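See below for the structure under consideration.
Order of the sequence lines sets the chain letters (A, B, ...), proteins ahead of strands, with each chain counted from 1. Keep in mind that this is a model prediction, so the values were computed, not measured.
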Amino acid sequence: MLEIKNIRNNKDEIILNLSKRKVNNIKSIINDLIKLDDKRKKIKSLYDNLNSQYNQSSKEIGINIKEGKNSKIEDLKKQNSVIKEDIKKTTEDLKLIEKEIFDILTSIPNVPYKNVPQGNKQENNEIVFESEAIKIENKLLPHWDLIKKHKIIDFELGNKITSAGFPVYVNKGAKLQRALINYFLDEAIKKGYTEIQPPILINENSAFGTGQIPDKEGQMYKIENENLFLIPTAEVPITNVYQNTIIDTNDIPIKNVAYTPCFRKEAGSWGSHVRGLNRLHQFDKVEIVQIVSPEKSYSILDEMCNYVEELLKNLNLPYRKIRLCSGDLGFTSAMTYDFEVFSPGQKKWLECSSVSNFETYQSNRANIKIKLENRSKVLAHTLNGSALALPRILASIIENYQSNNKIKIPKVLIPYTGFDEI
RNA sequence: AGAGAGGUGGCCGAGUGGUCGAAGGCGCGCGCUUGGAAAGCGUGUAUACGGAUUAAUCUUCGUAUCGAGGGUUCGAAUCCCUUCCUCUCUGCCA
């Protein structure tokens, strides 16, 4: 959620950058918002003054009771009963306008960073890097055929015990999955991230804090009668660990990593692009999260991207790095890089990581601040990235490492799998 | 799940209707002291919003907040209701 103060101070810049997104009438929305806020300030002043008067009278009544001046007391009480009516009315007005402002603020997406390319189409995304040596051989099988052939993932079994989109990893498939998780966790720890094992159910407050609700509520599985959601990503619990905290500047940056399963309804998804491991309702992901000071967040975004790239290089998978255009940018993100691995069996790119800077959009909702040396507090910048999401990495490994009747295991994973081929 | 107890500032803890945003202690910051440190002394130490001030921070005044929400009262940390959470005992269970 944007800060109203920031909107007031940098109105033109915000309108300019927000208009890169497909938000209708952004200029008039912002202008109306500022008018509403002006009104709010006036009402707040009135409210404060009335309460001040009321408190003063109440104090005087107390003093008069002690001194036994009964005649004055009745006058003061009468006076207060009049003020009380005004306070009631003003309180209602204040609540109403605060709600109105809040609703507008939560409906505005994050402001794209200045160097986010503008556009609403896929081709407006900027390919920052693309691996060369990509195998395009017709004999290469898609991963769903290889999976069946080698019996490492069973989709029908998942259908039986749950429903579509919940595969069962079997035998070496399960071991490979576990190897990837451990490898990703260990690498992140080497880079200074602290491992966290969070709950995979979150409450409404946490879902609001990172921006899943109200915007993406329909994408999450909700637990009936509990007001809890299954996490769509570890970003939610990990970032919300710091909700309502003021972090000392010496404890910045905060770097956390977590492995969790992730659950997404993916409502409206259908067709060939959901085949095999391409899109699942439950999948595993290792997520890195940083909470940093505002002036450093973009260099940290680069640092996180470099880390993700390093993983992809170590796995020796063809990949590309994409700077998302304004139209593809997530609601809460100011700037996002996507990483895609190549699937030679499908002859297409698969998104396997998304690294984003949310600037203060999440920290304003979740109330995460940094206390600076001079005792002032600023909203922190939050960032997160998949490092990495498993299924498409797995698909890419299976397809890229296929040969004859085998699938080789990437070198870096062998210590984790204990076998070098499937 | 049943019975009981309880939720107060970074932490501990006092406060059962009146000037209480809250005693006292610990911790931490700053200053004095010291060759340096400890001790000692002094002083400061919540958050949000609004006003004044500022480039901004700081500062200052006002308002709100003692788990959350509502109620009683001129006045609520204190009384009442609802709700969430924690602890102890009993039950169940990986």
Legend entry - A/S363 side chain to A/A380 backbone, donor-acceptor under 3.5 Å: yes
Measure the distance from [atom1] on [X] to [atom2] on [N] and round it to the nearest whole Å.
X	N	atom1	atom2	value
A/N49	B/C61	CG	P	16 Å
A/K88	B/G70	NZ	P	13 Å
A/D48	B/G62	CG	P	11 Å
A/K59	B/C74	NZ	P	18 Å
A/N55	B/A76	CG	C1'	12 Å
A/N10	B/A55	CG	P	17 Å
A/N51	B/C61	CG	C1'	16 Å
A/N244	B/G67	CG	P	16 Å

Short side-chain N/O contact from [X] to OP1 or OP2 of [N], under 4.0 Å:
X	N	value
A/S52	B/G62	no
A/N227	B/C84	no
A/K95	B/G70	yes
A/K377	B/A46	no
A/Y47	B/A64	no
A/K84	B/G75	yes
A/R40	B/G50	yes
A/K42	B/G50	no

Inset, instruction - Might you confirm whether atom NZ of A/K78 has over 12 heavy atoms from other residues, nucleotides or ligands at distances under 6.0 Å? - result: no
Legend entry - Test log, rule side chain to side chain donor-acceptor pair (under 3.5 Å), inputs A/E399 and A/S343: CA-CA 6 Å; A/E399 294 179 12; A/S343 156; 2.5 Å; yes
Legend entry - A/Q118 side chain to A/N124 side chain, donor-acceptor N/O pair below 3.5 angstrom: no
Legend entry - Side-chain donor-acceptor pair present, A/S28, A/N25, cut-off under 3.5 Å: no
With sugar-phosphate meaning primed atoms plus P, OP1 and OP2, does [X] contact a base, only sugar-phosphate, or nothing at under 4.0 Å between heavy atoms?
X	result
A/L50	nothing
A/K72	nothing
A/K41	sugar-phosphate

Legend entry - Selection from B/U47, B/C74, B/U19 that lies nearest to any side-chain heavy atom of A/S58: B/C74
Inset, instruction - Output yes when A/D37 and A/R8 qualify as a salt bridge under the 4.0 Å nitrogen-oxygen rule, no when they do not. - result: yes
Inset, instruction - If B/G42 has a Watson-Crick or G-U wobble mate with both distances under 3.5 Å, name it; if not, just say none. - result: B/C30
Legend entry - For B/A55, the Watson-Crick or wobble counterpart (both distances under 3.5 Å): none
